[in-house]
Amino acid sequence: MAKKSGNRRDQLTTGQKRKISRLRKDLVRWYQVHGRDLPWRRDAAKEYEKICVEVLLQRTRAEVVATIYTSFFQRYPTWNSLAGSEISELEEVLRPLGLWRRRAQSIKSLATYAAEHDGVFPSVESELRGVPAVGQYVGNAILMFQHGQARPLVDVNMARVLERFVRPRRLADIRHDPWLQAAGQWLVQAGDPCEVNWAVLDFAALVCRARQPTCLECPVKARCKQGAGVISGRVGET
DNA sequence: AACGCGGGGCA
DNA sequence: TGCCCAGCGTT
């Protein structure tokens, strides 16, 4: 019989689990001091906004999304208003974010689904796959924000942190790398899943950046392959 | 597995 | 100029 469980190289070792658990603790601590105050994270933000904004955030800097956040949700305050919107108008509103044609279609079809289902999305991953514009990331966001499940927002940010701190991924596509997904899941397994996710995202955006990470001010540099260079004075890029 | 989508910020 | 940004659907 074909073995259906994943390759052993795709499983987390106990050492990796321990390392990731400590990372979670340290990043949450860092977040409580340095975390970003973004509008869709506030208590005032409706569940609709929290889910909808995930589409706005795709391949787009959070700071840019923040600049249109208020006007966007003033113009489209509900799933219904978005579902009934004019696609050309939606495109104009989304233009400053980039990816505006695709994004307008995605967000409207997502809204149409939501409007037809009273704003309730499936609570099972397999069924979520059938929802338009919902992939690995948005699916997990829905499971977390709407259904209270502990799910990792495994985007380019979380992937980069896990890869630098623990181990590089094996597959090019983040969505399909079993180890990466398992590592993300372990990361948000304890504590407040929302807070942990936001901690990782902010840490990745502000410290563990793609280009010129500021390892000198990194709270976990002592246990990081990259950060170890800083301690011995080798990474000091200018 | 690789590609297109896309405007804007930054070095 | 080239790289990168809270991804996804298609080929």
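Source: prediction; values computed, not measured. Protein chains get the first letters and strands the later ones, always in sequence-line order, with residue 1 at the start of each. Side chains are part of it too, since the values below use all heavy atoms of this structure and drop only hydrogens, waters and symmetry mates.
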Undergrad: In whole Å, what separates the C1' atom of C:dC3 from that of B:dG6?
TA: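 C:dC3 and B:dG6 have their C1' atoms separated by 14 Å.
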Undergrad: My understanding is that only residues two or more places apart in sequence, or in another chain, count here; which of them pass side chain to side chain donor-acceptor pair (under 3.5 Å) with A:Arg75?
TA: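 Testing A:Arg75 for side chain to side chain donor-acceptor pair (under 3.5 Å), a comparison that skips the adjacent residues, returns A:Glu89.
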Undergrad: Contact list please: residues 30-52 of chain A against DNA chain C, heavy atoms, distance less than 4.0 Å, in numerical order.
TA: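 Listed by number, they are A:Arg36, A:Leu38, A:Trp40, A:Arg41.
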Undergrad: Report which part of the nucleic acid A:Val65 touches: base, sugar-phosphate, or nothing (heavy-atom distance under 4.0 Å, all strands).
TA: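 Nothing, no heavy atom under 4.0 Å.
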Undergrad: Can the ring centres of A:Phe203 and A:Trp30 be said to be less than 6.0 Å apart?
TA: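 They qualify: ring centres under 6.0 Å apart.
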Undergrad: Apply the side-chain contact (heavy atoms from CB on, under 4.5 Å) test between A:Asp177 and each candidate in A:Asp10, A:Val154, A:Leu162, A:Leu171; give the one that qualifies.
TA: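 It is A:Leu171; the other options fail the test.
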Undergrad: Is any side-chain heavy atom of A:Ile107 closer than 4.5 Å to a side-chain heavy atom of A:Leu90?
TA: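 With C-beta onward as the side chain, the pair touches.
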Undergrad: Is there a donor and acceptor pair closer than 3.5 Å between the side chain of A:Arg102 and the base of C:dC8?
TA: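 Indeed, a donor on one side and an acceptor on the other fall under 3.5 Å apart.
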Undergrad: Please classify the nucleic acid contact of A:Leu153 as base, sugar-phosphate, or nothing, using heavy-atom distances under 4.0 Å.
TA: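 No contact at all - A:Leu153 keeps every heavy atom at 4.0 Å or more from the nucleic acid.
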Undergrad: CD/A:Gln146 to CG/A:Leu128 distance, rounded to the nearest 0.5 angstrom?
TA: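 One gets 9.0 Å once the value is rounded to the nearest 0.5 Å.
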Undergrad: Determine, step by step, whether A:Trp179 and A:Val166 satisfy the side-chain contact (heavy atoms from CB on, under 4.5 Å) criterion, reporting the C-alpha distance in whole Å, the side-chain angles of both residues, the deciding distance to 0.1 Å, and the verdict.
TA: CA-CA 11 Å; A:Trp179 183 86; A:Val166 187; 3.6 Å; yes
Undergrad: Roughly how far apart are A:Gln181 CD and A:Arg169 CZ, rounded to 0.5 Å?
TA: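 The distance works out to 10.5 Å.
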Undergrad: Regarding A:Gln136, tell me which of base, sugar-phosphate or nothing describes its non-hydrogen contacts under 4.0 Å with the strands shown.
TA: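 Contact class for A:Gln136: sugar-phosphate only.
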Undergrad: Is the shortest heavy-atom distance from the side chain of A:Cys52 to the side chain of A:Trp40 under 4.5 Å?
TA: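 No, too far: nothing below the 4.5 Å cut-off.
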Undergrad: For A:Glu47, is there an ion pair with A:Lys50 - N to carboxylate O distance below 4.0 angstrom?
TA: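 Here A:Lys50 does not pair with A:Glu47 in a salt bridge, since their nearest N and O are not under 4.0 Å apart.
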Undergrad: What nucleotide, of C:dC4, C:dA6, C:dG7, holds the atom closest to the side chain of A:Glu54?
TA: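 The answer is C:dA6, which lies nearest to the side chain.
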Undergrad: Is there any protein nitrogen or oxygen under 3.5 Å from a nitrogen or oxygen in nucleotides 9-11 of chain B, and what are the pairs?
TA:
unit_1, atom_1, unit_2, atom_2, d
B:dG9, N2, A:Arg211, NH2, 3.0

Undergrad: Nearest whole Å is fine: how far is C:dC4 C1' from A:Glu63 CD?
TA: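 Those two atoms, CD and C1', are 13 Å apart.
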Undergrad: Report the distance from atom CZ of A:Arg160 to atom CG of A:Asn157, rounding to the nearest 0.5 Å.
TA: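 Nearest 0.5 Å value for the CZ-CG distance: 5.0 Å.
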Undergrad: For residues 155-183 of chain A, which residues have at least one heavy atom under 4.0 Å from DNA chain C?
TA: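 Result for residues 155-183 of chain A: A:Asp155, A:Val156, A:Asn157, A:Arg160, A:Arg175, sorted by number.
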Undergrad: Could you state the interatomic distance from OG1 (A:Thr78) to OH (A:Tyr48), rounded to the nearest 0.5 Å?
TA: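 Answer rounded to 0.5 Å: 6.0 Å.
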Undergrad: Can you measure A:Ile142 atom CD1 to C:dC8 atom C1' for me and round it to whole angstrom units?
TA: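 Whole-Å distance recorded here is 13 Å.
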Undergrad: Is any side-chain N or O of A:Trp198 closer than 4.0 Å to OP1 or OP2 of C:dA6?
TA: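 So the side-chain polar atoms of A:Trp198 never come under 4.0 Å of the phosphate oxygens OP1 or OP2 of C:dA6.
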Undergrad: Starting at CD of A:Gln105 and ending at C1' of C:dT10, how long is that distance when rounded to a whole Å?
TA: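 Interatomic distance, CD of A:Gln105 to C1' of C:dT10: 15 Å.
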Undergrad: Roughly how many Å is it from CG in A:Asp202 to C1' in C:dC5, rounded to a whole number?
TA: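 My rounded result for the distance is 14 Å.
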Undergrad: Assuming nearest nucleotide by heavy-atom distance, tell me which of A:Ala62 and A:Ala133 is located more 5' along DNA chain C.
TA: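 Nearest nucleotide further toward 5': that of A:Ala62.
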Undergrad: Kindly determine whether A:Glu49 and A:Tyr69 satisfy side-chain hydrogen bond (donor to acceptor under 3.5 Å, both in side chains), including the steps that lead there.
TA: CA-CA 9 Å; A:Glu49 296 175 3; A:Tyr69 177 84; 2.3 Å; yes
Undergrad: In whole angstrom, what separates A:Ile107's CD1 from C:dG7's P?
TA: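 Between P of C:dG7 and CD1 of A:Ile107: 14 Å.
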Undergrad: Among residues 76-94 of chain A, which residues get a heavy atom nearer than 4.0 Å to DNA chain C?
TA: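 Listed by number, there are none.
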Undergrad: Whole-Å distance between C:dA6 P and A:Tyr137 OH?
TA: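 My rounded result for the distance is 9 Å.
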Undergrad: Please state how far atom CG in A:Leu99 lies from atom P in B:dC5, giving the value in whole angstrom units.
TA: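 Spelled out: CG on A:Leu99 to P on B:dC5 is 10 Å.
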Undergrad: To the nearest Å, how far apart are A:Arg103 CZ and C:dC5 P?
TA: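 Distance, rounded to whole Å: 14 Å.
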Undergrad: Between B:dC3 and C:dA6, how far apart are the two P atoms, rounded to whole Å?
TA: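 These two P atoms come out 22 Å apart once rounded.
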Undergrad: Looking across every strand, which nucleic acid part, if any, lies under 4.0 Å from A:Val134 by heavy atom: base, sugar-phosphate, or nothing?
TA: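 It contacts sugar-phosphate atoms only.
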Undergrad: Between A:Arg36 and A:Arg41, which heavy-atom pair has the shortest distance, and what is it?
TA: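 Scanning both residues completely, I find the closest heavy atoms to be O-NH1, 3.1 Å.
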Undergrad: Assess A:Lys19 against A:Phe165: is NZ or CZ under 6.0 Å from the centre of the six-membered ring, and within 45 degrees of the ring's axis?
TA: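 Flagged: A:Lys19 positioned over aromatic ring of A:Phe165.
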Undergrad: Without placing hydrogens or testing angles, list every side-chain donor-acceptor pair under 3.5 Å for residues 110-120 of chain A, not counting sequence neighbours.
TA:
unit_1, atom_1, unit_2, atom_2, d
A:Thr112, OG1, A:Lys108, O, 2.8

